[in-house]
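This chain uses plain numbering: 1 for the first residue, then up along the sequence.
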Amino acid sequence: KLYNFLIELIFPIQCLECSKEKTWLCKECFKKLEPKLAMHCVFCESKTTYGETCTTCKPKYALDGAIACIPYSNKLIQTLIHNWKYNSIKEITKYLALFVKLSVQQAQTEARKSSSKILEQGISKLDLTHTIEIPPILLNEPIIIVPTPLHKNKLKERGFNQSELLAKLLVENNPKWQIKNIIQRTKKTTAQASLHGVDRITNIQDAFTISEQINDIRGKHIIIIDDVITTGNTTNAMAMLLKRSYAKSVWALTICYGHPL
């Protein structure tokens, strides 16, 4: 209660888009957030069917692909994420989680339509899954959800891990999704957004450790949750650890992709 009182005192509750009172995002402004999924390889941005890592990049990276819901250049999503992370307005989580859920549902619908069309043309369901790497999240498979961890110093500074908050709302009422905090960030890193090129790779090198036993990961589909994916270096570093523990697949699920403009 004290926390909520202080937040209201410092940041009066009003829609971050239109200033309507008593809500951080009104229903009308929420409708402005239209899913525009990243149908490209996160590493080279070549077009792919579901955001899977392309055949050229796949031998070089552990991450199988990314479901990312909206470009980070969208001004409303920038405002929401900035206030969520840097002004510590945890209540924004519910709007972002709902948006991600709706985006995934839209992607699932499109995947079913696409699969049906291909099957009608004569390819078998078995051949289809081998020909196109459909994300397990779109096939309603059992999933282990792994929030991207914060370093303990950053967690203390911010007061919460935004990826974990998002993950908790995403798994609600979904018995096939299970959260496991199996990766820890043991190295304090510089914010990836402030770095470029090889500095991003060096910055994230040896930043994570994995705590779970191999048998708890072996053969499982893993989804890494984060707010933004840009070059994919952070999620790929985590994916490498998970693949070494014999995870069947590792995908990312993020709110947005790319850089703010």
Side-chain angles (χ1 to χ4, degrees), residues 1 3-4 7-8 11 13-17 22-38 51 65-72 74 76-109 135-150 154-155 158-185 220-229 234-235 238 242 250-257:
K1 289 182 179 180
Y3 170 82
N4 290 334
I7 285 292
E8 282 198 48
F11 304 105
I13 298 177
Q14 58 184 27
C15 177
L16 292 165
E17 177 72 358
K22 303 299 182 182
T23 179
W24 291 114
L25 186 65
C26 70
K27 291 181 180 180
E28 290 74 20
C29 291
F30 180 82
K31 293 175 184 177
K32 294 181 182 180
L33 289 176
E34 296 183 6
K36 188 178 180 182
L37 276 73
I67 304 291
C69 303
I70 193 169
Y72 199 21
N74 181 286
L76 177 53
I77 207 73
Q78 282 183 44
T79 299
L80 290 168
I81 288 179
H82 179 86
N83 281 278
W84 184 43
K85 291 170 66 173
Y86 303 115
N87 290 335
S88 299
I89 304 177
K90 293 192 286 187
E91 289 77 9
I92 291 174
T93 312
K94 65 182 180 182
Y95 305 107
L96 296 172
L98 177 58
F99 173 67
V100 171
K101 284 182 178 181
L102 292 174
S103 299
V104 170
Q105 288 171 9
Q106 178 178 305
Q108 289 172 332
T109 300
I137 195 172
L138 301 186
L139 295 173
N140 204 27
E141 296 275 354
I143 299 287
I144 291 177
I145 298 288
V146 178
T148 299
L150 294 178
K154 177 63 73 175
L155 182 59
R158 185 169 294 167
F160 63 92
N161 178 351
Q162 73 277 3
S163 297
E164 188 170 0
L165 289 183
L166 182 64
K168 285 178 178 178
L169 290 187
L170 291 177
V171 302
E172 280 187 354
N173 304 315
N174 192 334
K176 290 193 173 183
W177 290 16
Q178 178 186 9
I179 295 178
K180 286 198 174 186
N181 291 295
I182 55 180
I183 293 183
Q184 291 76 45
R185 191 185 292 252
K220 304 290 178 61
H221 294 298
I222 312 289
I223 298 289
I224 297 170
I225 301 294
D226 209 349
D227 52 343
V228 183
I229 190 165
T234 300
T235 45
M238 296 171 65
L242 293 162
V250 183
W251 283 71
L253 174 61
T254 70
I255 301 164
C256 49
Y257 57 92

Provide the closest heavy-atom pair for [X] versus [Y] in the form atom of the first, atom of the second, distance.
X	Y	result
Trp24	Gln14	CE3-O, 3.6 Å
Arg158	Tyr86	NH2-CE2, 3.6 Å
Leu76	Cys29	CD2-O, 3.6 Å
Tyr257	Ala68	CD2-CB, 3.4 Å

Dump the intermediate steps for side-chain contact (heavy atoms from CB on, under 4.5 Å) on Tyr95 and Thr23, then the final yes or no.
-> CA-CA 10 Å; Tyr95 305 107; Thr23 179; 3.0 Å; yes
Just how far is it from atom [atom1] of [X] to atom [atom2] of [Y], taken to the nearest 0.5 Å?
X	Y	atom1	atom2	answer
Lys32	Asn74	NZ	CG	10.5 Å
Lys176	Leu139	NZ	CG	10.0 Å
Thr93	Leu80	OG1	CG	10.5 Å
Thr235	Trp251	OG1	CH2	12.0 Å
Glu91	Leu165	CD	CG	10.0 Å
Asn87	Thr79	CG	OG1	11.0 Å

Answer yes or no: are there more than 12 heavy-atom neighbours, outside Lys168 itself, under 6.0 Å from its atom NZ?
-> no
Residue among Asp227, Leu25, Ile77, Leu33 satisfying side chain to side chain contact (heavy atoms under 4.5 Å, CB included) with Leu96 | Ile77
The single option from Ile225, Leu170, Ile145 that satisfies side chain to side chain contact (heavy atoms under 4.5 Å, CB included) with Ile179 is Ile145
Are any non-hydrogen side-chain atoms of [X] and [Y] less than 4.5 angstrom apart?
X	Y	result
Ile70	Cys256	yes
Ile183	Leu242	yes
Pro147	Asn181	yes
Gln178	Val171	no
Ile137	Trp177	yes

When you measure from the side chain of Asn161 to the backbone N and O of Leu155, does any donor-acceptor pair fall under 3.5 Å?
-> no
Looking just at side-chain N and O atoms, do Thr254 and Tyr72 make a donor-acceptor pair shorter than 3.5 Å?
-> no
Non-neighbouring partners of Ser103 that pass side-chain hydrogen bond (donor to acceptor under 3.5 Å, both in side chains), sequence neighbours left out | none
For Arg185 and Thr234, what are the C-alpha separation, side-chain angles and deciding distance, and is it a side-chain contact (heavy atoms from CB on, under 4.5 Å)?
-> CA-CA 11 Å; Arg185 191 185 292 252; Thr234 300; 4.2 Å; yes
